[in-house]
Amino acid sequence: MKTIGLIGGMSWESTQTYYRLINQKVRDQLGGFHSAKLVLYSVDFAEMEALQHQGDWQATAQILNAAGQALEQAGAEFLVLCTNTMHKVADELQQAVSIPLLHIADATAQTLKKDDVTCVGLLGTRFTMEQRFYIDRLQAHGIQVVVPDEPQRELIHSVIFNELCQGVINTNSKAAYLDIISSLAERGAQGVILGCTEISLLIQASDTEIQLYDTTEIHAEQAVQYALGKT
């Protein structure tokens, strides 16, 4: 079993979901008392959040590069960046280490292609929905991306930072998210990506008939398959 290097803390609520899912999936694969071999580097999200909203992505890259290097030195054999938004600096992180980084958008695209999905809706932070780093990665796999309109993007972003990252689950916000998901389906989306690792704290597959793609679940599954040499 390879040792997984997790870069988390963005937010810690979603990082603990990664930890739980990865260990559960290893146990399911290997049985008995098996659990994942991993090393976790958890950053201070207050620092990262401020830099994100200042647009200082170079500074965020430096923090994540140092985290990745520390994990490599601690014995990690590959990296999992436990956040969608910070994949904006994934290329810089990969260049800073000599071990592989499993990209969350690539893992998601592989799942979409298995399901023959060619047009998908995308929910996430404003950075993920409005900038090109995530959408272009999906489009490179031949997948068309539909994003919510401006007021919807503002609501989604606000709920992520002001509620979900604070551990707050609001039923009104859930209803609003489900309405947005329905609107994306009406615009041609065959499914919807929950493209922020906190969104799965609010929305689950059982909440809607529209196919949802939980990036946390998908990324954790890929990490386990890679750790066990199955991919």
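Listed here is the closest heavy atom pair of Arg187 and Pro148: NH1-CA, 3.9 Å. Of all non-hydrogen atoms in Ile156 and Gly124, the two that sit nearest each other are CG2-O, 3.2 Å. Of all the heavy atoms in Leu102 and Ala223, the pair that sits closest is CD1-CA, 3.8 Å. Considering every non-hydrogen atom in both Gln139 and Arg132, the closest pair reads OE1-NH2, 3.0 Å. In plain terms, the two heavy atoms of Cys165 and Glu13 that are nearest each other are O-OE1, 3.3 Å. In plain terms, the two heavy atoms of Ser200 and Thr216 that are nearest each other are OG-OG1, 4.2 Å.
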Exercise answer: donor-acceptor pairs, residues 93-100 side-chain atoms, under 3.5 Å, sequence neighbours excluded:
residue	atom	partner	partner atom	Å
Gln94	OE1	Leu101	N	2.8
Gln94	NE2	Ile99	O	2.8
Ser98	OG	Glu72	OE2	2.2

What pairs of donor and acceptor atoms, side-chain ones from residues 77-92 against any protein atom, are under 3.5 angstrom apart with sequence neighbours left out?
residue	atom	partner	partner atom	Å
Glu77	OE2	Thr3	N	2.8
Thr83	OG1	Thr85	N	3.3
Thr83	OG1	Met86	N	3.4
Asn84	OD1	Tyr134	OH	2.8
Asn84	ND2	Gly195	O	3.4
Asn84	ND2	Thr215	OG1	3.0
Thr85	OG1	Thr125	OG1	2.8
Thr85	OG1	Thr128	OG1	3.3
His87	ND1	Thr83	O	2.6
His87	NE2	Ile104	N	3.3
Lys88	NZ	Gln131	OE1	2.7

With a 3.5 Å cut-off and sequence neighbours excluded, list the donor-acceptor pairs that the side chains of residues 28-47 form with protein atoms.
residue	atom	partner	partner atom	Å
Gln29	OE1	Lys230	NZ	2.3
Asp44	OD1	Ala46	N	3.1

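No more than 12 heavy atoms of other residues, nucleotides or ligands shown are found within 6.0 angstrom of CD on Glu209.
Judged by distance alone, with hydrogens and angles left aside, the side-chain atoms of Tyr18 form no donor-acceptor pair with the main-chain N or O of Ala220 at under 3.5 Å. In this structure, Ser173 contributes its side chain and Ile169 its backbone to no donor-acceptor pair below 3.5 Å. For the pair Ser183 (side chain) and Ile180 (backbone), a donor-acceptor distance under 3.5 Å is present. With hydrogens and angles disregarded, a donor-acceptor distance shorter than 3.5 Å links the side chain of Thr15 to the backbone of Gly9.
Under 3.5 Å, the side chains of Thr60 and Gln52 contain no donor-acceptor pair of N or O atoms. Judged purely by distance below 3.5 Å, without hydrogens or angles, the side chains of Tyr213 and Asp115 pair a donor atom with an acceptor atom. Under 3.5 Å, the side chains of Gln225 and Glu221 contain a donor-acceptor pair of N or O atoms. Side chain to side chain, Ser206 and Gln204 fail the donor-acceptor criterion of an N or O pair below 3.5 Å.
Linking Ile, Leu, Val, Met, Phe, Trp and Tyr residues whenever their side-chain heavy atoms come within less than 4.5 Å places Ile135 and Phe133 in a single cluster. Residues Leu194 and Met129 fall within the same hydrophobic cluster, defined by Ile, Leu, Val, Met, Phe, Trp and Tyr side chains chained together at heavy-atom separations under 4.5 Å. A continuous path of ILVMFWY side-chain contacts below 4.5 Å connects Ile143 to Val147, so both sit in one hydrophobic cluster. In this structure, Leu202 is a member of the same hydrophobic cluster as Leu212, with clusters built from ILVMFWY side-chain heavy atoms closer than 4.5 Å. In this structure, Leu164 is not a member of the same hydrophobic cluster as Trp12, with clusters built from ILVMFWY side-chain heavy atoms closer than 4.5 Å.
Here the CD1 atom belonging to Ile210 is positioned 12.0 Å from the CD atom belonging to Gln190, to the nearest 0.5 angstrom. Remark: Asp106 CG to Ile218 CD1 distance equals 12.0 Å, nearest 0.5 Å. Of the inter-residue distances, the one linking Asp207 atom CG with Lys174 atom NZ reads 3.5 Å to the nearest 0.5 angstrom. To the nearest 0.5 Å, atom NE2 of residue His219 and atom CD1 of residue Ile22 are 8.5 Å apart. With rounding to the nearest 0.5 angstrom, the CZ atom of Arg20 is 9.5 Å from the NZ atom of Lys25.
For the pair Leu51 and Ile63, the minimum side-chain heavy-atom distance is below 4.5 Å.
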